[in-house]
Amino acid sequence: MKERILVTGGTGYIGSHTVVELQNSGYDVVIVDNLSNSNADVVDNIEAVSGIRPAFEKVDCLDYKALEAVFAKYDGIKGIIHFAASKAVGESVQKPLLYYRNNLVSLINVLELMPAYGVEGIIFSSSCTVYGQPDHLPVTEQAPIKKAESPYGNTKQVNEEIIRDTVASGSPISAILLRYFNPIGAHPSALLGELPNGVPQNLVPYITQTAIGIRPQLSVFGDDYNTPDGSCIRDFINIVDLARAHVVAMARILGKKQKEKVEVFNIGTGRGLSVLELIHAFEKATGVKLNYKIVGRRAGDIEQVWADPQYANNELGWKAETPIEDTLESAWKWQLKLRERGIQ
Ligand code: UD1
């Protein structure tokens, strides 16, 4: 019998890639998604990539009754990967209550339902944003949590605490918190990728949309940071590598290999790349020249952050492997495919 995993937000950018990797590793996947920032076509594309159609329920995790009906319908769910959340930093500043309600209540509903249906473990998508600007780089999981710069960032911090408090209170569940660095790229098949709503806020979708002519110019937010070339530094992690981390984390929970009931792992490459280095790597990987211009800093940006992924490497036996050139090429192939499909 295949073990059954529920993936909330499973048609989203990280969710869809994770569903494919779970299926490739022999798990039976049920997706729950309200399609607020994705599309039902993604289910077809997951099937095209993996050869297996995942079960799909259009349900909002805020709707406790509807979510409970999913647990009841799909017997024997062993683990949950909880992606369903709002993720736009700027929007969260404008609409904090929307973010707090959506991101906190969804998790609370999931945590309440888990013990009632015998679900053993949860993987939560957290973010390196919890570290703010770390005092030491690369940043380890022991680094202190800094005051959040946005309501979005705060929901990640509070959700980590909600999970810890729930486990500490005796709930019979285990958890792994994965702190992602900057996920980029697309599936090599170009059937799955990131589909930003409107003007992209994140760097790589903005790069590919500029390269293809949707945007006239990319703005580089600041070249006066205290870094070698003056632009910000990030740890850009390939989306499929990131998705694979969820599969090994789930196997760890279900195989009862955890050292503690709540574990935290940095999911990054261990390598910092500046915004300008990334732009040049994109140009080299694709042969496309980018029209970009240096502008002022963006409010709330961290100067530099990259992961120490040793703990994940050693404990999970997981490592980011894809070269940055391949990742950027995959992002470009995805953008070309979107044009072919008449989407963007
Ligand atoms: C942000 C969030 C992170 C979240 C991620 C995905 C913070 C501090 N970071 O990461 O938690 O998980 O988004 O939604 O809240 N840049 C440009 N031009 C652009 C776009 C970006 O120069 O058009 C620069 C930014 O200034 C930054 C870098 O590229 O230095 C990366 O930006 P972005 O892709 O938005 O990710 P983060 O801000 O690192």
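Read the numbers this way: they start at 1 and go in the same order the structure lists the ligands and their atoms. The figures that follow rest on heavy atoms only: side chains count, while hydrogens, waters and symmetry mates do not. Just so it is clear, the model here is predicted, and its values are computed rather than measured.
The shortest contact between atom 35 (O) of ligand 1 and any protein heavy atom is with R298 NH2, 2.8 Å. Among protein heavy atoms, atom 33 (P) of ligand 1 sits closest to N202 ND2, 3.5 Å. With hydrogens left out, the protein atom closest to atom 36 (O) of ligand 1 is N182 ND2, 3.2 Å, a heavy atom.
Polar contact with ligand 1: absent for I302 (N/O pair, distance under 3.5 Å). Backbone and side-chain nitrogen or oxygen atoms of V275 are examined, and none is located within less than 3.5 angstrom of a nitrogen or oxygen of ligand 1. Annotation: S219 places an N or O atom under 3.5 Å from an N or O atom of ligand 1; distance criterion only.
The option from Y131, F236, Y152 that lies nearest to atom 12 (O) of ligand 1, judged by heavy atoms, is Y152. Nearest to atom 27 (C) of ligand 1 by heavy atom, out of Q201, K87, R234, is R234. For atom 11 (O) of ligand 1, the choice among S127, G90, C232, C128 with the nearest heavy atom turns out to be S127.
More than 12 non-hydrogen atoms from other residues, nucleotides or ligands lie less than 6.0 angstrom from CG of N314.
The proximity of V204 to ligand 1, defined as any non-hydrogen pair under 4.0 Å, does not occur for either the backbone or the side chain.
Both tests pass for R297 against the ring of Y225: distance under 6.0 Å to the centre and angle within 45° of the axis.
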